[in-house]
Amino acid sequence: MSDNQLSVEERNKRTLTKLVIWAVGMFAFAFLMVPFYNVICDITGLNGKTSSTAATDAPAEVVEDRTVTVEFITQKGDGISGEFTSETKRVKVHPGEITLVHFYASNPTDSDMVTQSIPSVSPGEAARYLHKTQCFCFDQQTLAAGERKDMPMIFYLDPEIPRHINQFTLSYTIFDVTERVAGKNNSVAAN
Amino acid sequence: MSTAAATHDDHHDHHHAPTGLKRWLFSTNHKDIGTLYLWFSFAMFLVGGFMAMVIRAELLEPGMQFVDPEFFNQMTTVHGLVMVFGAVMPATVGLANWMIPLMIGAPDMALPRMNNWSFWILPFAFGILIFAVLMSAFGAGNPSAPNFGWTFYAPLSTKYGPASTDLFILSVHMMGISSIMGAINVVVTVFNMRAPGMTMMKMPLFVWTWLITAFLLIAVIPVLAGVVTMMLTDRHFGTSFFDAAGGGDPVLFQHVFWFFGHPEVYIMILPSFGIVSAIIPAFARKPLFGYASMVYATASIALLSFVVWAHHMFTVGMPLAGTLFFMYMTMLISVPTGVKVFNWVATMWRGSMTFELPMKWAIAFVVLFTCGGLSGLMLAITPVDFQYHDTYFVVAHFHYVLVTGAIFSIFAAAYYWLPKWSGVMPSKLLGELHFWNSLISANLLFFPMHFVGLAGMPRRYADYALQFADYNFWISIGGFWFGLSQVIFLVVAVRCAMKKGEPAPAKPWEGAEGLEWEVPSPAPFHTFDTPPVIK
Ligand code: HEM
Ligand SMILES: [Cu+2]
């Protein structure tokens, strides 16, 4: 009886250990979902994320017989009181054609401001066919007090863009990240 | 409710039964802990119910009458949290504690000390949450309690969350630890503590459904802990998991949350499936139809529940292939669910049915849960969900599956096993009153929500357009009526705890099967110290 008892306790301990390891593993899994999600988004353009680095290769060809309408929207996130607009609201482009669009942001306050713009494409499936060779969203943009800044963006569409996508919207939201950046520098300075 | 310390075996000198407060504080006895869980969950049911009354009072008439919209939002949020994590989940854990050892012929849960911990964390977890509400209602400056909905979507809960969000995070962590410990205990008990001869496929379905629930809990509660941890670091430690400005993505929050959230809804319903599968055969006097198919159906529901989460977020703009995948997977889940409903009906078919209280609740469960399943199926159709999403139709759906589903089955369980727990039969008259009032009022409360939802009334608002006034009036009447009816159960339970009522025999229900009916009523403090013989 006592022998049997001991073995039950032993077995309980083993099962317990396994289950605890599993629970801890699932906790880690929650954090793994973050890079996993980002990779999936990068590959599939899920959720309209565009690439965050500049395209380096030139388009293979210009598909003259197709036009795609690209629309631009701008939104102001927290802390932005100035202007944030695009010069053009919509352009018609041939896939492969290199196009320049100007965006403007202003800082009416009397202190410098660091901003970050976040792009998003809708419908999301168009995102992976949008190649930007230059974008103000790749880096943080500093707006000096009272400055109005011209922020160019150069893009082309992949000649492979599926036929059924003949229109999509690229939206930018601009955020004031001055404090966030200052916080980082402070913690670096503290080290 | 079990007090039979007198029958305890003296040769187990480490198993002395202290009395008074110490008995409950330090208890490692599965029956005492089960009782604690059950009383706690009922208390939370009343607290959460009171918040629902505030919500319904405000919505009785259009315009603002009783509370300001800010407080209204806090009420919907905390009502949801308290009901999900404080009422339904602990109630089923209480049932598991009481019944699983009795059903598999084990002397106790496998890890009794951990069992004590998993219960006693809960009152503190909810104390913290309710403290936030009390501060908001009466405190100096009325700081807001959590106000972002029970689903706490970012950035509403991160960037825009009130200071009490940190209390919420702490509270959710504690609830999570409690659930994980409870779940681990169930798995270890079922795996290692079964009486000789109690093979897996001989276990009562309640044990099976709880075992599968426990696996779901261990798999997804850590993900919930993960998501609130990310919130915490986003709020205070400069990370940007969900903050677009820093390169994060608020939609990621919804993916991680619903990866937990959908299995969570099955965590709340699977034990109910087990309860109903115990009660219907007892009062139809026929063995459960398709026992093995029930086990497999439960397991497939649990597996499928990991691949349907995005049906809660059809409107975020997923690619077409993604929405189609989640739509078909969601519809697929209704197949094993349908198998279960079929089996319950087939068990009743040509049975010698009688309609004692537990059976009444169980039949109401089968019918009304199926209603909720049907509206779920409607919501699963992506284009249709675009219209229904975030309306009262969704509120109707999940209250059918959770109130007339999960909670009705918990009442069924209480009426079925109260004789075993307390040694007295619950009052028939009060029980009938409780049942009929609950049945009628719950339908008055939740059915019209389908109509206002289809007509476009959004959920989680303190006010509504005038055309919804008539329906909302009746919904509120149904709400107050349902709320009051639950007080009847308080009387039933207190009477049983005070041993008022007809004494119960060991097996009060003629057709009932299972080891729990082989021990006397009330179940003595220690049972199955020597394992029972399984036929
Ligand atoms: C046939 C089975 C079911 C199907 C097909 C189904 C489908 C759905 C869908 C598509 C939604 C999302 C609606 C929306 O927000 O637009 C939903 C919401 C919900 N379901 Fe179900 N469901 C089923 C069963 C259940 C069960 C058994 C439960 C719980 C016991 C449940 C609890 C919930 C809850 C709580 C929500 C709302 C979550 C929230 O946004 O607050 N469902 N269901
Ligand atoms: Cu779901």
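Per chain, numbering begins at 1; letters A, B, ... match sequence-line order.
Within 6.0 Å of NZ on A:K89 lie more than 12 heavy atoms contributed by other residues, nucleotides or ligands. Surrounding CZ of B:F386 are more than 12 heavy atoms belonging to other residues, nucleotides or ligands, all under 6.0 Å away. In the displayed structure, A:E160 atom CD is contacted under 6.0 Å by at most 12 heavy atoms of other residues, nucleotides or ligands. When the shell of 6.0 Å around CH2 of B:W117 is examined, it contains 12 or fewer heavy atoms from other residues, nucleotides or ligands.
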If you look only at distance, which donor and acceptor atoms sit under 3.5 Å apart when one is on a side chain in residues 17-27 of chain A and the other is two or more places apart or in another chain?
residue, atom, partner, partner atom, Å
A:T17, OG1, A:K13, O, 2.6

Show the atom names and distances, to 0.1 Å, of all donor-acceptor pairs under 3.5 Å that link a side chain in residues 241-252 of chain B to residues at least two apart or in another chain.
residue, atom, partner, partner atom, Å
B:D243, OD1, B:A245, N, 3.1
B:D243, OD2, A:R180, NH2, 2.2
B:D249, OD1, A:N47, ND2, 3.3
B:D249, OD1, B:V251, N, 2.8
B:D249, OD2, A:Y37, OH, 3.0
B:D249, OD2, A:N47, ND2, 2.6

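For the residue pair B:H255 and A:M33, the shortest heavy atom distance occurs at O-CE, 4.1 Å.
No other option in B:G317, B:A110, B:A219 has as many heavy-atom pairs under 4.5 Å with chain A as B:A219. In terms of heavy-atom pairs under 4.5 angstrom with chain A, the leader among B:S240, B:G226, B:A321 is B:G226. Heavy-atom pairs under 4.5 Å with chain A were tallied for B:V223, B:V227, B:L320; the largest tally goes to B:V223.
Heavy atoms of B:Y160 lying under 4.5 Å from chain A belong exclusively to its side chain. Residue B:F215 touches chain A through both its backbone and its side chain, counting heavy-atom pairs closer than 4.5 Å. For A:V34, the parts lying under 4.5 angstrom from a heavy atom of chain B are both the backbone and the side chain.
Residues of residues 136-153 of chain A lying under 4.5 angstrom from chain B, judged on non-hydrogen atoms, do not exist here. Identified by a heavy-atom distance below 4.5 Å to chain A, the contributing residues of residues 171-186 of chain B are B:I180, B:I184, in residue-number order.
Between A:R11 and B:F191 the shortest side-chain heavy-atom distance does not fall below 4.5 Å.
Under the 3.5 Å distance criterion, the side-chain polar atoms of B:N192 are left unmatched by any main-chain donor or acceptor of A:V8.
If you run side-chain contact (heavy atoms from CB on, under 4.5 Å) between A:T15 and each of B:V190, B:L111, B:V188, B:T189, only B:V188 comes through.
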